[in-house]
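Everything below concerns the one structure shown next.
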Amino acid sequence: MIDAETVARLDTQAQQILRANDRGGYTVPTKGLYPFQWNWDSALTTLGIACFDADRAWQEIEKLLSAQWDNGMVPHIVFWQHEEGYFPGPSEWQSERTPPTSGITQPPVAATVVRQLTNFLPGDHRTRVTPMLRALDRWHQWFADARDPDGIGVVAIMHPWESGRDNLPDWDAPLAQVDTSNVRAFMRRDTQLVNAAERPLNHDYDHYMALVQFGRDCQWDVKTIAEKCPFWVAEPGMNAILRRAERDLVALALHFNLPDIATRANTRLARLDHGFNQLWSDIAQGYTTLDLRKNKIEHRLSSGSWLSLYGGPENDIRAKIHYSTLMEWRQKVRFTMPSFAPGDPAFDDIRYWRGPVWAMINWMIATGLAEHGRPDLADQLADDTAALIEQSAFREYFSPVTGKGGGGKDFSWTAAMWLYWASPNTRQQTETH
Ligand code: DGY
């Protein structure tokens, strides 16, 4: 149990972080390491902002969607202002847009966030939300057209950064197929700001940059990417998040009486719900990554595997398998949910996405668990998240073994998840409502 004084102090600190990371209409994930608007960071951060400033929360989503490409994609980074301290910057992506953006997307959590805000914030919201739903519909349609052009029911990513779980061991084998011989010399900035032991290896960055070069060389043409990009994998995190987003978009479209959007979203959702089964691994007993170039399924679980419960209704047999695996993982680490299978040789408790716990992934998993009738397990995730924040403050992520914080400090989405979900004060309010 965290004492009331500490809770009050953390509530105040979380708000201070969100205000300090506000750059006027958008929030940076953290000062220095990530100095622009990042797609899913920004959307999830909105939930925290909504706890103290409703108007500013809506602005965050509006600003993100205002950077939507003509083809519907909402980019993963929007470079609203010039800043030398980040690599790869606009000149590497060459998006030919104003403001410049990256050329890839990120997990589409925005529709889910809009639904949460619509339920959470008082008022009618129709005028404000309708243009957002139009933009979200176009973005989701882009996923269907650009990232699943053959209609197999799972969307692919063309870069590890599209998954948002940038450095997952799942990417090692598919990345090994990417030729890095033409990658120009470059200077990383992240390892000047954060301990290199917590960041991806240079070898990984060579591969990341080869894929950026591939996209840039074809001017981010989605047809060329789908046909020829050497990295083309479907993974459970992105697919579960998109399923959830489509479900939330259907609900919002019905609520605001936009039947055309509801019909399109429902059609896409049916295809995704059906297709998700392709990511099941009998050996791993869970959903894993499918390398679509080699038609090869990964046999190790990651935090993305747990998002199936957040993506939509799971059948009883598989849901029970998830719960018993969760018990096993809890025996292996002190804090759930590790981002990669604990005990696997590739597990690293403090290196970016190879083991650490992320607060916002915990919120998503907990949401899925609660919706499957397991509030007890959902509460454990909230307790673990709160304990990590109490021990190590608002870090980007945490070691599931020691609770030590890693990556960036004063991190927006960690602060947001505290305010919106993990803080004992918030939980009390949710129970009273
Ligand atoms: C980074 O720079 O590590 C970002 O996560 C890429 O999106």
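Atom set for the values below is all heavy atoms of this structure, side chains included, hydrogens, waters and symmetry mates excluded. As the structure is a computational prediction, the values presented were derived from the model and not from experiment. Numbering of residues begins at 1 and proceeds along the displayed sequence. Atoms within each ligand, like the ligands themselves, are counted from 1 in listed order.
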Counting only nitrogen or oxygen atoms and a 3.5 angstrom limit, does Y352 reach ligand 1?
yes
Numbering the atoms of ligand 1 from 1, which are under 4.0 Å from a heavy atom of Y34?
1 (C), 2 (O), 3 (O), 4 (C), 5 (O)
Here's one to test your reading of the geometry: is the NZ or CZ of R318 within 45 degrees of the ring axis of W280 and under 6.0 Å from its centre?
yes
Quick one: does ligand 1 sit under 4.0 Å from the side chain of R199, the backbone, both or neither, non-hydrogen atoms only?
side chain
Suppose we measure from atom 2 (O) of ligand 1 to each protein heavy atom; which comes out shortest, and what is that distance?
Y86 OH, 2.6 Å
Exactly one of W413, W358, F335 should register a ring pair (Phe, Tyr, Trp, His ring centres under 6.0 Å) with Y397. Which one does?
W358
The protein heavy atom nearest to atom 4 (C) of ligand 1 is D166 OD2, 3.5 Å
Considering only NZ, NE, NH1 and NH2 on the basic side and carboxylate oxygens on the acidic side, decide whether E371 and R244 come within less than 4.0 Å.
yes
Students often mix this up, so state it plainly: with edges at 30° and 60°, are the rings of Y208 and H159 parallel, tilted or perpendicular?
tilted
Among all protein heavy atoms in this structure, tell me which lies nearest to atom 7 (O) of ligand 1, with the distance rounded to 0.1 Å.
H76 NE2, 2.7 Å
Do D137 and R268 meet the salt-bridge criterion of a basic N to acidic O distance under 4.0 Å?
yes
